[in-house]
There are 2 protein chains.
Amino acid sequence: MGTTQLEPVPEPKYQHLKTVIGQALDSEFAVGEILPNERELAARFGVARATLRQALEQLELEGRLQRRRGVGTTVAPPRVGVDVSTTQHSWPGAGDDGWQSLDSAVDVPPPAVARALETEAEERVHIVRRLRVSHGQPVAAELLYVPEGSVPGLTAIDAPAGPARARSVLRELHHLALEGQDRSVELGSARADDAKELDRLPGAPVLVVTTRYLSEGRTAAISVATYRADTCRLTFGDSVDLVMAS
Amino acid sequence: MGTTQLEPVPEPKYQHLKTVIGQALDSEFAVGEILPNERELAARFGVARATLRQALEQLELEGRLQRRRGVGTTVAPPRVGVDVSTTQHSWPGAGDDGWQSLDSAVDVPPPAVARALETEAEERVHIVRRLRVSHGQPVAAELLYVPEGSVPGLTAIDAPAGPARARSVLRELHHLALEGQDRSVELGSARADDAKELDRLPGAPVLVVTTRYLSEGRTAAISVATYRADTCRLTFGDSVDLVMAS
DNA sequence: CAGTGGTCTAGACCACACA
DNA sequence: GTGTGGTCTAGACCACTGA
């Protein structure tokens, strides 16, 4: 990254910086390599650190960089393709699909979820927490909301807290006939607890995948899965190995 | 938004601000309503404008706010559900699917696209530009890459530049048998030209939907569609009317 | 411990929308 | 014009990592 100055252009500095650094990443850096620190880079380009950071932020958003406090800024590997296609038409937790059950509790869901589940406000539901791991890295944290009416066979305390209880909820769910599901994807920012599971800071950009499971003519469960937007590419169909980076 | 001060907490100020403002949005503001300006808000909460902006940025990222230079900050309507399901199994531009053809040109595609198309580097392809409009608003800008080998019936200059030429490329494409398609979604930031079409600033967060169209055992075309992440929820299946806001 | 990125301040000026 | 959000500066201190 021999560049030292920016010529004046009728374009924000941080945007030009982003282009210049992006090109340097392609030509002069290998995946995993550590960049000079922010103060050094800012000085080299003759801008304030805040401006330099604005450029780095966008490059991180695009999955080109990875920044870790106390460590440094490294060149990110291409995004991992994660299959989220809905074609299997199966319940969550059926088979080994990369998800690990963490825990389950009974609580009042957020209002938006209650509305989608068509339950009474304040009505309690099972909330199963799961974590998806891909290539050894956590890529998604999920909250699965299951109304008690969907799993009538489940008695209050039939398993100790922890993975076992989560699995028992899923097992009950599998007794239902799955009639359909639909899915949506939107941008969000990580809540504090999800951020922790995903090894990111709170507020980090995430892709929120909401899935509605239909059975017996109603919504039997809702899954809200939070995927790391920096490292993941969600795939539908068999484009898992497609690489569109840069 | 009667709140005037933040109690000291072991949490970044901007994050606490985000919570406080977010709650105020739910309880005290209607969709479309204009918030006090940034200087006013910063003063009211006793923080620097930059800190206040960090909170607003995240709320905008989550689709709760909309900010326009020269105008102000308004409460955003719930995100629009946009169907991007792949189940129709049809070529782009077949039927009225909300896409408008803008133009078409012949040029060298970006390296990543060339790789996916399995064309020679430097080999020229048709590049069709389209715009997707939903509820009267532009929601996505698309670049559709079609190798000349996929549309052999198309002679060099068979239509004037503009929508007509774009449509003629699509028409040729429809002669092929579509054998399959796959799709992936990832986070990106808007390139300058897409940003303009989408009425956003360059660098705005977008959801990039990449679709590969397969015919005769090879990739016949690649579509890279850039959706506004602030206003869109991508839906697969029939969850178009599901609202998961807040 | 030293070095990194993360947060925060208090200013300044610019680009744009609208009356 | 005036008022808005967008960009930018030059500092400061904090939280975290790893030697």
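Put simply, the residue from Lys18(B), Gln15(B), Glu57(B) that forms a side-chain hydrogen bond (donor to acceptor under 3.5 Å, both in side chains) with Ser189(A) is Lys18(B).
For a distance-only test at 3.5 Å, the side chain of Arg49(B) qualifies as a donor-acceptor partner of the base of dG6(D). Side-chain to base pairing of Arg69(A) with dG3(C): no donor and acceptor N or O lie closer than 3.5 Å to each other.
As rounded to whole Å, 11 Å separates atom P of dT4(C) from atom CG of Leu41(A). As a whole-Å value, the separation of Leu52(B) CG from dG6(D) P is 12 Å. Here the C1' atom of nucleotide dT4(D) and the CG atom of Leu35(B) are 13 Å apart, to the nearest Å.
For the pair Tyr14(A) and dT7(D), the criterion of a side-chain N or O lying under 4.0 Å from OP1 or OP2 is met. Contact annotation: Thr73(B) does not reach the phosphate of dT4(D) (side-chain N/O to OP1 or OP2, under 4.0 Å). Here Asn37(B) reaches the OP1 or OP2 of dT4(D): one of its side-chain N or O atoms lies under 4.0 Å away. In this model, the phosphate group of dT7(D) is not approached by any side-chain N or O of Thr51(A) to a distance below 4.0 Å at OP1 or OP2. OP1 or OP2 of dG6(D) sits under 4.0 Å from a side-chain N or O of Arg67(B).
Residue contacts shown for Arg53(A) include a base, since a base heavy atom lies under 4.0 Å away. When heavy atoms are screened at a 4.0 angstrom cut-off, Leu56(A) is found touching no nucleic acid atom at all.
Under the 30°/60° scheme for interplanar angles, the aromatic rings of Phe236(A) and Phe236(B) are found to lie parallel.
Thr235(A) contributes a side-chain N or O that, together with a main-chain N or O of Val82(A), makes up a donor-acceptor pair within less than 3.5 Å.
Heavy-atom nearest nucleotides on DNA chain D were determined for Gly72(B) and for Ala48(A), and the one closer to the 5' end corresponds to Gly72(B).
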